[in-house]
Protein chains: 4
Amino acid sequence: MAAQSTRKLAVVVGAGPGLGASLARAFAHRNHAVAVLARSEKTVQSVAEDIRKNGGDAAPFACDVTKRDSLDAAFAAIKKQWPDHQLKAALFNANSPFIMKPFLELKEEDVKPGVDVNFYGAFHFAQVTIPLMLEAGGGFLGITGATAALKGSAKFAALAPGKFALRGLAQNLAREFGPKGVHVSHIIVDGIIETDRVKGMMGEAKQPDSRLQPDAIADTYVHLAEQPRNCWAFELDLRPSVEKW
Amino acid sequence: MAAQSTRKLAVVVGAGPGLGASLARAFAHRNHAVAVLARSEKTVQSVAEDIRKNGGDAAPFACDVTKRDSLDAAFAAIKKQWPDHQLKAALFNANSPFIMKPFLELKEEDVKPGVDVNFYGAFHFAQVTIPLMLEAGGGFLGITGATAALKGSAKFAALAPGKFALRGLAQNLAREFGPKGVHVSHIIVDGIIETDRVKGMMGEAKQPDSRLQPDAIADTYVHLAEQPRNCWAFELDLRPSVEKW
Amino acid sequence: MAAQSTRKLAVVVGAGPGLGASLARAFAHRNHAVAVLARSEKTVQSVAEDIRKNGGDAAPFACDVTKRDSLDAAFAAIKKQWPDHQLKAALFNANSPFIMKPFLELKEEDVKPGVDVNFYGAFHFAQVTIPLMLEAGGGFLGITGATAALKGSAKFAALAPGKFALRGLAQNLAREFGPKGVHVSHIIVDGIIETDRVKGMMGEAKQPDSRLQPDAIADTYVHLAEQPRNCWAFELDLRPSVEKW
Amino acid sequence: MAAQSTRKLAVVVGAGPGLGASLARAFAHRNHAVAVLARSEKTVQSVAEDIRKNGGDAAPFACDVTKRDSLDAAFAAIKKQWPDHQLKAALFNANSPFIMKPFLELKEEDVKPGVDVNFYGAFHFAQVTIPLMLEAGGGFLGITGATAALKGSAKFAALAPGKFALRGLAQNLAREFGPKGVHVSHIIVDGIIETDRVKGMMGEAKQPDSRLQPDAIADTYVHLAEQPRNCWAFELDLRPSVEKW
């Protein structure tokens with residue numbers, strides 16, 4: 001029973017097929033119970049079920065990370081599910097719909113989701129998870145970033161500002177909570193992640209190693225989560241070997 | 001009359017005492033009619049009046065840049081005021097209240113103004129002013145940035161994400177509209193700007209040249225606005241000679 | 001006679017046709033006597049003569065900035081020429097030959113000039129000019145940087161390391177000597193500068209405003225040199241409006 | 001015999017006590033034969049012996065990485081030692097003596113080692129190791145960077161330019177050789193590495209986790225070396241959780 005009380009919990013938000021699902025699986029493999037969060041009920045159920053089938057511990061929690069109420073409800077349910085687990089890993093992988101348009105054609109409703117998901121979503125997620133990780137004596141807050149966090153290209157005004165804001169927030173959090181034991185990392189994914197959806201839209205990759213495999217990205221999150229407190233990485237950039245940058 | 005039809009117009013938003021007022025004065029000195037925008041009726045009237053007293057052409061337009069309706073109403077009034085002027089300079093200097101708090105004490109309403117003013121404000125301002133500058137055959141969009149656009153310090157989560165987002169947006173706009181003749185610059189103010197309010201709160205500066213003078217900053221905006229199309233600066237950092245950085 | 005003793009001196013190194021000559025002319029127009037330095041005797045004579053013809057005060061000093069002895073000899077001659085002038089502007093615009101090769105084909109002698117000119121040249125130039133500017137109660141050290149100072153592209157290993165090193169040195173100097181009154185700026189030229197040599201090699205520009213005009217760049221150096229001590233820019237990026245970046 | 005011909009080789013330069021020795025041990029643990037390179041005969045012998053005592057395969061090669069001849073001689077001896085091994089990891093960890101002085105007190109001989117080791121050393125090392133890794137069908141070139149590669153502080157002019165140059169070179173190499181299968185990473189060590197020498201000079205750390213443990217840093221190099229080709233990190237920053245940055 002004692003052992004039970006020190007079991008590790010990971011929460012993944014944006015846990016859809018692709019990187020989110022890989023993160024959920026990867027932390028399950030490293031002996032975390034995994035709370036699988038995304039907007040779609042169907043998505044989270046399928047990801048959690050897949051983990052359980054493979055012998056892991058996971059449960060689905062459909063919620064909208066941009067709304068504090070929704071996130072609070074999910075965490076109340078998580079607490080019920082695993083009352084004695086300690087939150088050791090919080091993975092923010094939520095994404096807004098990708099809208100690429102000439103700036104003057106953008107409406108406020110086109111740019112709002114990028115800010116809502118990337119900034120407000122991460123803000124709420126950090127507010128809910130950091131106190132739990134402080135209670136647990138420390139933990140890992142991994143945040144998925146993008147090329148658009150470093151460079152604002154033409155026609156990317158629905159994406160870059162939110163990604164820039166998220167990076168700024170990640171730096172705020174790393175500097176405030178690092179000394180308190182919460183390791184915040186901002187992982188810049190610079191390239192196309194291979195998913196079924198990408199293959200459906202774009203076909204098979206024409207060149208080997210030209211698309212990031214989500215399981216490979218997840219391995220780096222695990223490495224970061226396991227770094228000892230004397231040696232933490234805040235930021236890194238991941239890309240395919242053949243990517244131009 | 002012909003001459004009249006090619007007169008230059010500058011619009012300053014966030015034109016309160018300090019940098020905003022200096023920008024308004026500086027562009028008035030360079031022969032622009034100046035539309036003075038800020039939330040407070042009293043503020044914009046006093047800034048515009050001061051310019052007119054000194055022989056310049058200026059008018060006040062109280063408005064809330066975070067709301068498209070409010071901005072549209074202001075620009076309708078500006079058009080009425082100067083029907084034949086061409087918009088050649090749009091200066092975004094709006095600021096949100098400065099809130100510095102431990103992250104876990106921040107409420108959503110604490111962080112919202114930073115995003116509303118810096119991102120949505122600049123988004124609306126750019127959407128309204130860029131078409132007018134394209135019509136005018138080109139112009140200058142100067143955006144006031146901050147240290148917090150480059151570095152997210154502890155306890156700055158109400159400021160840095162908005163300033164990061166604004167910088168991302170500035171890059172988006174520069175890359176999309178540069179080739180079309182709109183010169184977008186992001187001016188990073190790294191230090192304390194000397195204003196009456198700052199003197200009231202912090203007293204006189206203890207060291208000479210340790211606070212940025214708003215008129216000096218405004219001179220750099222004018223220089224940027226006057227760069228020819230073959231040689232534009234996108235970003236620069238301004239700080240007092242004695243500032244540690 | 002008293003007035004004579006406070007006349008201003010500018011030193012330009014790398015004062016060949018193009019940006020160097022424009023810098024020399026621009027500071028001459030702002031009432032500096034100008035010491036024109038470059039490796040070639042013919043070059044410096046022609047640039048100095050051109051300034052004198054136009055009513056400015058200038059003199060040529062052929063020297064090799066990568067060698068301290070050669071630079072010391074030039075400054076001894078400068079002192080003789082203008083014994084009572086004060087050094088107020090030191091402009092480092094030296095360039096190494098441009099070698100773009102696959103990395104494995106580079107020899108040590110291919111990469112040495114990039115380091116010699118950009119790092120050792122700037123090191124010696126700063127060591128010689130900073131004490132003179134401190135004596136003069138302050139001055140401006142303007143350093144020409146390049147895109148390759150920020151991004152190391154494939155096949156640029158003969159250029160980027162030297163330009164990175166020069167940028168690092170510029171930061172060292174700005175932080176150490178800013179509080180003492182020497183304004184150090186690193187001006188990133190991101191694009192092709194229009195010169196006779198460029199026109200000879202590449203023909204006329206196909207697109208208007210697609211090449212930086214050296215006189216326009218020089219205007220920005222002058223602006224930086226004239227910023228008051230409360231408001232200094234350290235770094236900015238200059239590019240044609242139509243440049244992709 | 002066939003198996004023999006596919007054995008993996010790692011070369012560590014700057015393999016003195018501290019990070020270099022940890023890198024050598026870490027790659028030995030991951031089944032690499034390890035060539036241990038540093039200037040001091042005594043150092044490399046002790047590091048290699050320690051690995052062999054623990055069951056690893058290692059051999060010492062005293063050499064001066066700033067001199068191509070010396071490096072070539074070392075690689076000839078390495079080839080003799082392990083004629084059928086394939087070079088899969090090349091780790092550049094050489095360091096110049098740390099000299100922190102006011103800029104105007106620096107002599108050319110003070111700044112030369114920083115450039116010689118960081119730039120010329122890495123240049124030669126890359127020229128010698130990259131062809132061997134290309135032959136081996138790919139490999140990992142890990143380069144130890146420093147805070148001074150990103151920020152040039154006052155009095156750091158003997159260090160920062162070399163570290164900036166090294167970072168520029170790392171980018172050149174990553175962009176040129178990534179598509180050919182050589183994974184180049186630049187690992188920024190931002191903090192004090194705990195070594196016997198550091199403890200001797202500064203005493204025990206006053207705060208837990210305030211000094212980077214060299215074995216922890218080495219674990220991250222191993223992670224990078226093992227990333228698959230679809231998902232490579234170029235750059236990351238490592239620091240103690242309590243470090244201010």
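Predicted model only: the values in this text are computed from it and were never measured. Each chain gets a letter, A, B and so on, in the order the sequences are listed, and its residues count up from 1.
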| query | chain B heavy atoms under 4.5 Å from C:S210: which part of the residue, side chain, backbone, both or neither? | reply | neither
| Which atoms of C:R229 come close to chain B, meaning under 4.5 Å heavy atom to heavy atom: side chain ones, backbone ones, both, or neither? | both
| Residue, of B:Q207, B:R211, B:Q171, B:E194, that accumulates the most heavy atom pairs under 4.5 Å with chain C | B:R211
| query | Side chain, backbone, both or neither: which part of B:Q227 has a non-hydrogen atom closer than 4.5 Å to chain C? | reply | side chain
| request: Scan side-chain atoms only and decide if C:D237 and C:W245 contain a donor-acceptor pair under the 3.5 Å cut-off. | output: no
| message | Could you check whether B:H183 and C:S241, counting side-chain N and O atoms only, form a donor-acceptor pair closer than 3.5 Å? | response | no
| query | Looking at C:I187, C:V242, C:L212, which makes the most heavy-atom pairs under 4.5 Å with chain B? | reply | C:L212
| Aromatic centroids of C:F119 and C:F164 separated by under 6.0 Å | no
| note | Given the options B:K8, B:H85, B:Q86, B:H32 meets side-chain contact (heavy atoms from CB on, under 4.5 Å) only with B:K8
| remark: If you tally heavy-atom pairs under 4.5 Å between each of C:K244, C:H223, C:K180 and chain B, the highest tally belongs to C:H223
| note | In terms of heavy-atom contacts, C:V36 and C:V44 come closest through O-CG1, 3.4 Å
| C:S22 side chain to C:Y221 side chain, donor-acceptor N/O pair below 3.5 angstrom | no
| task | Find the one option among B:R175, B:E243, B:E235 whose heavy-atom pairs under 4.5 Å with chain C are most numerous. | result | B:R175
